[in-house]
Amino acid sequence: MKVIYNNIVHSNSKGEHLLAVLIDPDKMKCEDLSGFMQKLNQSIATHVFVGGSTVDDEATEALVIEIKKMTHLPVILFPGDVSQITNKADALLFLSLISGTNPEYLISKHIAAVSKLKNSDLEIIPTGYILIENGKQTSVEKVTKTKPLSRDNINQIVDTAKAGELLGMKFIYLEAGSGAMHPIPLEIIRSVKYELNIPLIVGGGIRTLKQLENAYNSGADLVVIGTAFEDDESFFEKLKK
Ligand code: 1GP
């Protein structure tokens with residue numbers, strides 16, 4: 001069953017914009033979760049992503065179990081590592097870091113994940129993950145020991161995204177990095193979207209309604225926001241249903 005992916009494709013075909021709120025198990029305190037989820041449920045958010053660059057083993061599963069009790073929205077793993085994969089979520093972005101050349105993040109982690117995935121009910125969504133420079137070093141860069149693509153080389157970014165699609169990936173995720181100084185430039189979103197036939201996810205450094213709308217208007221099908229909500233939950237007020 002590919003319910004979640006198919007629903008996203010269906011929403012895109014109707015021109016609907018999707019918003020994923022990213023919750024990092026390393027940063028979300030248990031006692032804050034209920035209030036956070038209440039606000040999230042009253043907002044235009046359509047998906048919950050869970051993941052982080054450095055998360056204690058088992059923290060993800062415990063958090064996902066609690067989140068599932070508090071929302072009907074699909075909960076999708078966006079894992080920084082194999083240890084963050086849990087069957088308690090609805091789906092998994094099976095990320096391949098195609099902007100880099102570190103084999104660990106292109107295939108080795110995936111092989112290591114197979115024993116966890118073989119008998120799981122998770123909807124597995126192959127995703128081409130493309131890190132783009134944003135003005136400062138990101139944790140993805142540090143953890144994966146890969147270089148982001150230059151924001152000035154749009155052809156290279158577009159070709160990388162298209163190569164991901166041709167390899168059979170179901171999403172392309174343009175990532176500026178958590179807490180990025182500058183979100184993905186709109187020209188890059190536009191150029192990638194023009195070439196792609198699969199949904200485009202955009203995230204990193206989006207902190208305002210204007211930036212969110214700009215990303216959608218440039219072609220992002222699903223936008224991911226984490227830090228803006230971590231820093232100030234009143235941002236949910238601006239995104240009420
Ligand atoms: C990070 O794209 C996500 O992987 C979200 O980034 O935390 O900057 O919103 P922010």
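Every number for a ligand or one of its atoms is a count from 1 in the order of the listing. When a residue number appears, it is its place in the shown sequence, counting from 1.
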Do me a favour and list the nearest non-hydrogen protein atom to [atom] with residue, atom name and distance?
atom	result
atom 5 (C) of ligand 1	Gly204 N, 3.7 Å
atom 9 (O) of ligand 1	Gly226 N, 2.8 Å
atom 7 (O) of ligand 1	Thr227 OG1, 2.5 Å

Give the ring-plane orientation class for Phe36 versus Phe236, where under 30° counts as parallel, over 60° as perpendicular and anything between as tilted.
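Because their plane-to-plane angle is over 60°, the rings of Phe36 and Phe236 count as perpendicular.
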Under 30°, 30 to 60°, or over 60°: which ring-plane class applies to Phe94 and His110, parallel, tilted or perpendicular?
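If you compare the ring of Phe94 with that of His110, the planes turn out perpendicular.
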[X]: numbered ligand 1 atoms lying under 4.0 Å from its heavy atoms:
X	result
Ser178	1 (C), 6 (O), 7 (O), 8 (O), 10 (P)
Phe78	4 (O)
Ile225	9 (O)
Gly179	7 (O), 8 (O), 10 (P)
Glu175	1 (C), 2 (O), 3 (C), 4 (O)
Gly177	8 (O)

What pairs of donor and acceptor atoms, side-chain ones from residues 184-193 against any protein atom, are under 3.5 angstrom apart with sequence neighbours left out?
from, atom 1, to, atom 2, distance (Å)
Ser191, OG, Glu187, O, 2.7
Lys193, NZ, Asp221, OD1, 3.3
Lys193, NZ, Asp221, OD2, 2.7

Lys39 and Glu233 ion-paired at < 4.0 Å
yes
Cationic N near anionic O, under 4.0 Å, Asp232 to Arg207
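Judged by the 4.0 Å cut-off on N to carboxylate O distance, Asp232 and Arg207 do not form a salt bridge.
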Tell me yes or no: between the side chains of Glu175 and Tyr129, is some donor less than 3.5 Å from an acceptor?
yes
Heavy-atom proximity to atom 3 (C) of ligand 1, best of Tyr173, Phe229, Phe49
Tyr173
Treating Tyr5 as the side-chain partner and Lys170 as the backbone partner, does any N or O pair qualify as donor plus acceptor under 3.5 Å?
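Checking the backbone N and O of Lys170 against the side chain of Tyr5, a donor-acceptor pair under 3.5 Å is found.
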Report yes if some N/O of Gly205 lies less than 3.5 Å from some N/O of ligand 1; otherwise report no.
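Yes; the residue has a nitrogen or oxygen that sits under 3.5 Å from a nitrogen or oxygen of the ligand.
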